[in-house]
Amino acid sequence: MPRFSLTRTLTALSALTMLPLTHAYAQGGNGGWFVPKSQQAPAAPPRHAAPVAAPEPEPMDDDGSGGDGGPVDNGAGGQNPPPVLPLPPVPAAPAIAKEAPPPAAAIGIISVQGVMQLSTAAQEIQQVLGARRDRLAHEVQKEEAAWRGEQQKLQVQARSLTSDQLQIRVRHLQERRAKDQHVFGNQARIIQEAYQVAFHQIERVLEQHDGIVSRVAAARGMNLILHAEQAVLHVDGQDITEEVASHLNQVLPHVFIPDDGADPEELARSGKMATTADEESMMRQAASAPQQSGTSAQPQASTSVLRRH
């Protein structure tokens with residue numbers, strides 16, 4: 001049985017501080033929400049200089065040529081000629097009958113960020129879920145400080161403890177760290193998914209085939225809607241941002257936000273409401289509804305979509 005090493009245990013204990021408490025819940029599109037910059041440990045400089053790596057050869061193209069597409073130097077002062085390869089015949093493209101040209105583009109401009117800033121529902125989401133996020137960040141900072149205090153206290157008391165006592169204390173700190181990562185990570189996931197549930201309601205009202213963007217575009221005779229960031233120049237009459245936001249506030253002044261602590265995934269499994277798994281079939285049913293009711297399919301601006309980037 002190897003003898004217990006106090007130095008080795010202290011080294012392992014010190015290494016615990018390198019495990020970020022927020023690693024488990026700082027993942028995803030909003031990573032780093034709950035990591036205060038003042039508590040992020042700076043990266044330690046390397047102790048030894050890295051050896052100088054030998055220069056790598058330039059990547060070869062599929063045809064065996066160098067990275068610039070030219071022939072490869074044969075090393076004897078000349079260049080290898082390109083290889084002569086088979087040239088199989090290809091069929092000629094048949095003539096295509098002339099078709100009716102598409103309608104002239106009537107372009108509209110929309111700023112999605114501007115719509116969100118004017119949306120009362122979006123403001124409600126930021127206020128409610130922002131408060132939950134800030135409260136979780138405060139709890140994380142509080143637990144982080146308490147854990148580091150226990151870790152520092154153990155480092156001071158380590159020499160007065162037996163090897164078994166020290167091992168038990170270290171294991172308890174490790175278990176506490178793992179529990180914190182699990183608990184806070186789960187709470188962060190719940191808040192993030194609540195954001196997705198709430199904002200997806202706004203997206204659906206805006207972007208579905210008969211949504212607000214399509215209806216506003218149809219009312220103005222527009223058949224092509226672009227993001228404002230894509231347009232270098234446009235006139236005021238083409239910007240539908242404020243009109244879309246006004247209709248959005250009328251149609252959707254508030255959104256459903258899961259209760260504090262309620263797991264959106266558990267809510268989806270409860271069967272109390274439709275889920276994202278049902279969304280595709282719901283969209284197909286909505287698209288086929290006019291045809292089933294016998295209404296004629298008239299070309300509308302609903303064929304335009306609000307493209308995402």
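Hydrogens, waters and symmetry mates are skipped; everything else that's a heavy atom, side chains included, is used. Since this is a predicted model, take the numbers as computed values, not measurements.
- In this structure, the side chains of V255 and V197 stay at 4.5 Å or more apart for every pair of heavy atoms.
- In this structure, OG1 in T241 is found 3.5 Å from CG in D239, a value given to the nearest 0.5 Å.
- Nearest heavy-atom pair, A231 versus I109, reported as atom, atom and distance to 0.1 Å: CB-CD1, 3.7 Å.
- With R220 contributing its side chain and G237 its backbone, the two residues share a donor-acceptor pair below 3.5 Å.
- The backbone N or O of A106 sits less than 3.5 Å from a side-chain atom of N223, completing a donor-acceptor pair.
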D260 vs R135, side-chain contact (heavy atoms from CB on, under 4.5 Å): CA-CA, chis, key distance, verdict:
CA-CA 11 Å; D260 192 3; R135 184 169 63 251; 2.5 Å; yes
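- Separation of atoms CD1 (I191) and CD (Q196) is listed at 12.5 Å; rounding is to 0.5 Å.
- A side chain to side chain donor-acceptor pair (under 3.5 Å) with R189 holds for exactly one of Q187, Q192, E193; it is E193.
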Using the side-chain contact (heavy atoms from CB on, under 4.5 Å) rule, take I202 and I125 through it: C-alpha gap first, then chi angles, then the decisive distance, then the call.
CA-CA 11 Å; I202 299 179; I125 295 171; 4.0 Å; yes
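- Residues V183 and E139 are not in side-chain contact: their nearest non-hydrogen atoms beyond the backbone lie 4.5 Å or more apart.
- Using a 4.5 Å heavy-atom cutoff, the side chains of Q127 and E124 are not in contact.
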Residue pair T120, H254: steps toward the side-chain contact (heavy atoms from CB on, under 4.5 Å) verdict:
CA-CA 7 Å; T120 57; H254 304 283; 5.9 Å; no
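- Counting heavy atoms from C-beta outward, R133 and L136 have side chains that stay 4.5 Å or more apart.
- The minimum heavy-atom distance between A105 and L224, with the atom names listed, is CB-CD2, 4.5 Å.
- A donor-acceptor pair is defined here as one N or O able to donate and one able to accept, closer than 3.5 Å; no such pair exists between the side chain of Q126 and the backbone of Q123.
- Using a cutoff of 4.0 Å between basic side-chain nitrogens and carboxylate oxygens, E143 and R148 are not scored as salt-bridged.
- To the nearest 0.5 Å, the span separating NZ on K142 from NE2 on H138 amounts to 6.0 Å.
- When side chains are defined from C-beta on, V170 counts as touching Q174, because their heavy atoms get closer than 4.5 Å.
- In this structure, H172 and R176 have side chains that are not in contact, with every pair of non-hydrogen atoms separated by 4.5 Å or more.
- A single hydrophobic cluster is not seen to contain both V128 and L267; linkage of ILVMFWY side chains at heavy-atom distances under 4.5 Å, directly or through other members, places them apart.
- Heavy-atom minimum distance, I107 versus M222: O-CE, 4.0 Å.
- Separation of atoms CD (E203) and CD (Q208) is listed at 11.5 Å; rounding is to 0.5 Å.
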Chi angles and distances behind the side-chain contact (heavy atoms from CB on, under 4.5 Å) call for V213, E207:
CA-CA 6 Å; V213 173; E207 301 183 12; 5.6 Å; no
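- At distances below 3.5 Å, not a single donor-acceptor pair connects side-chain atoms of E243 with backbone N or O atoms of I240.
- The shortest side-chain heavy-atom distance between L226 and H234 does not fall under the 4.5 Å cut-off.
- The cluster map of Ile, Leu, Val, Met, Phe, Trp and Tyr, joined by side-chain heavy atoms under 4.5 Å apart, puts F199 and F256 in different clusters.
- Linking ILVMFWY side-chain heavy atoms closer than 4.5 Å, directly or via other members, places W147 and I168 in two distinct hydrophobic clusters.
- L248 is not listed as a side-chain neighbour of L118, based on a closest heavy-atom distance of 4.5 Å or more.
- Interatomic distance, CD of Q167 versus CG of L161, reported as 11.5 Å (0.5 Å rounding).
- Within a 6.0 Å radius of CD in Q165, more than 12 heavy atoms belonging to other residues, nucleotides or ligands are found.
- To the nearest 0.5 Å, atom CG of residue N249 and atom CD1 of residue I212 are 8.5 Å apart.
- Closest approach of A198 to I257, counting heavy atoms only: CB-CG1, 4.3 Å.
- Shortest non-hydrogen contact noted between E229 and S111 is OE2-OG, 4.3 Å.
- In terms of heavy atoms, E265 sits closest to D263 at N-OD1, 3.0 Å.
- With respect to the salt-bridge test (charged N to carboxylate O, under 4.0 angstrom), the residues K153 and E150 qualify.
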